[in-house]
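Keep in mind the model is a prediction, meaning the values are calculated, not measured.
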Amino acid sequence: MTNDATSIAVVGIGNSLLTDDGAGIHTLERFAEENVEDGISCLDGGTVGLALLDRLANLDGLVALDAMILGKEPGAVTVLEGEDMDTHLRNQRGSVHEVGLSDLMDALRLRGELPERRALIGIEPADMDWGTEPTRPVAAAVPRAAAAAQDLVRQWRTGEEPESRP
């Protein structure tokens, strides 16, 4: 793989009908507003399933965006890359979607199509009840999470050092 990754998918995960569970979808929407470059696919992964398998195969990079329960303050943004992401998914602590994401990553690994560059960017939720808008702390975190995704994509495409990480 060269420094100039050209095939990158940014996948928003979650249910936008459950307040902060939609954090990944809201972050994807924010990311997509500012990132319309060739080679970057923005995908609404919903509650994740193996239906995304072919769309995520043989990529140069994959960024998953989701609500992630780690016991931090609501709105905290966490970036897990590579093996850190894999370890987190194997432990399956956090969002219910991570089980589906874990299965998806395992299927890509078994097929020999797991992106070397991969990351999970999560926002700590405050509430997972019915509602189409995120809570105030999660809404405030969405721009930071989108910026973290943008920073990763830029780093992967150019080989530059990251500008900022939450």
Side-chain angles (χ1 to χ4, degrees), residues 1-14 16 20-46 48 52-70 72-90 94-95 97-98 100-102 104-109 111-125 134 137-166:
M1 185 181 321
T2 63
N3 276 346
D4 57 340
T6 57
S7 173
I8 298 172
V10 179
V11 182
I13 300 169
S16 57
D20 294 345
D21 189 57
I25 303 300
H26 298 300
T27 303
L28 176 69
E29 291 169 355
R30 176 66 180 251
F31 177 87
E33 288 173 5
E34 300 173 10
N35 294 277
V36 290
E37 299 175 38
D38 288 340
I40 299 176
S41 300
C42 295
L43 304 171
D44 182 336
V48 182
L52 287 175
L53 190 59
D54 289 334
R55 298 282 312 267
L56 302 181
N58 298 313
L59 294 171
D60 293 312
L62 169 65
V63 179
L65 310 168
D66 198 4
M68 193 161 53
I69 302 168
L70 296 173
K72 296 182 178 185
E73 288 291 316
V77 176
T78 301
V79 178
L80 300 173
E81 291 184 67
E83 189 58 38
D84 290 336
M85 175 185 178
D86 299 343
T87 299
H88 173 78
L89 293 175
R90 275 192 296 273
S95 165
H97 311 126
E98 290 168 9
L101 183 57
S102 178
L104 187 59
M105 301 307 279
D106 285 343
L108 288 168
R109 187 176 289 107
R111 289 172 45 168
E113 299 171 338
L114 182 69
E116 182 179 327
R117 295 174 176 157
R118 58 194 177 280
L120 173 61
I121 300 175
I123 299 176
E124 184 78 32
V138 169
V142 164
R144 290 193 319 272
Q150 185 174 18
D151 190 31
L152 272 173
V153 168
R154 180 176 28 260
Q155 178 190 0
W156 292 348
R157 292 188 103 183
T158 64
E160 294 175 7
E161 289 299 313
E163 290 179 16
S164 63
R165 290 283 159 82

(request) Taking Asp60 for its side chain and Ser7 for its backbone only, find out whether a donor-acceptor pair lies under 3.5 Å. (result) yes
(request) Measure across Ile123 and Ala145 and return the closest heavy-atom pair with its distance rounded to 0.1 Å. (result) CD1-CB, 3.8 Å
(request) Measure the CG-OG distance between Asp44 and Ser16 for me, rounded to the nearest 0.5 Å. (result) 7.0 Å
(message) Please give me the minimum heavy-atom distance between Leu101 and Ala64, naming the atom from each residue.
(response) CD2-CB, 3.9 Å
(message) Is it the case that over 12 heavy atoms from other parts of the model lie below 6.0 angstrom from the CD atom of Glu83?
(response) yes
(message) Does any part of the side chain of Ile13, heavy atoms only, come nearer than 4.5 Å to the side chain of Ile25, both counted from C-beta?
(response) no
(request) Grab the two heavy atoms, one from Ala149 and one from Leu65, that are nearest each other, plus how far apart they are. (result) CB-CD2, 4.2 Å
(message) One thing to verify: whether Arg144 and Asp151 come together as a salt bridge, which I'm taking to mean a side-chain N less than 4.0 angstrom from a carboxylate O.
(response) no
(message) Holding to side chain to side chain contact (heavy atoms under 4.5 Å, CB included), I want the full list of residues that pass it with Ala146, two or more places apart in sequence or in another chain.
(response) Thr27, Arg30, Phe31
(message) Check Arg118 with Asp86, please: is the shortest side-chain N to carboxylate O separation under 4.0 Å?
(response) yes
(request) State which residues pass side chain to side chain contact (heavy atoms under 4.5 Å, CB included) with Asn58; sequence neighbours excluded, sorted by chain then number. (result) Glu113
(request) Apply salt bridge (charged side-chain N to carboxylate O under 4.0 Å, His left out) to Arg55 and list each qualifying residue two or more places apart in sequence or on a separate chain. (result) none
(request) Report the distance from atom CG of Leu120 to atom CE of Met68, rounding to the nearest 0.5 Å. (result) 4.5 Å
(request) Rounded to the nearest 0.5 Å, what's the gap from CG on Leu59 to CG on Leu108? Could you check? (result) 8.0 Å
(request) First locate atom CD of Glu116, then atom CH2 of Trp156, and finally report the distance between them rounded to the nearest 0.5 Å. (result) 10.5 Å
(request) Check side chain to side chain contact (heavy atoms under 4.5 Å, CB included) between Glu124 and all other residues, then give those that pass, not counting sequence neighbours. (result) Ile69, Leu70, Lys72, Ala76
(message) Do His26 and Leu28 make a side-chain contact, defined as non-hydrogen atoms from C-beta onward lying under 4.5 Å apart?
(response) no
(request) Measure the shortest side-chain to side-chain distance between Val153 and Arg117 over non-hydrogen atoms and say whether it is less than 4.5 angstrom. (result) no
(request) Under the salt bridge (charged side-chain N to carboxylate O under 4.0 Å, His left out) rule, collect the residues that match up with Asp84, sequence neighbours excluded. (result) none
(request) Mind checking the CG-CG spacing from Leu89 to Asp106? Nearest 0.5 Å is all I need. (result) 8.5 Å
(message) I'd like to check Leu104 versus Leu56 (side-chain heavy atoms, cut-off strictly below 4.5 Å). Are they in contact?
(response) yes
(message) If I take atom CG from residue Leu152 and atom CG from residue Leu62, how far apart are they, to the nearest 0.5 angstrom?
(response) 11.0 Å
(request) Looking only at non-hydrogen atoms, find the nearest pair between Val138 and Ala23 and report the distance. (result) CG1-CB, 3.9 Å
(request) Quick one: list whatever passes salt bridge (charged side-chain N to carboxylate O under 4.0 Å, His left out) with Glu33, sequence neighbours left out. (result) none
(message) For a quick test of reading the model, state the closest non-hydrogen atom pair linking Ala139 to Pro143 and the distance between them.
(response) O-CD, 3.3 Å
(request) State, with a plain yes or no, whether a side-chain heavy atom of Thr78 is found less than 4.5 Å away from one of Ile121. (result) no
(request) State, to 0.1 Å, how close Pro137 and Pro74 come at their nearest heavy-atom pair, and which atoms those are. (result) CB-O, 3.5 Å
(message) For Ala107, give me all partners under side chain to side chain contact (heavy atoms under 4.5 Å, CB included), at least two apart in sequence or on another chain.
(response) Leu50, Leu53
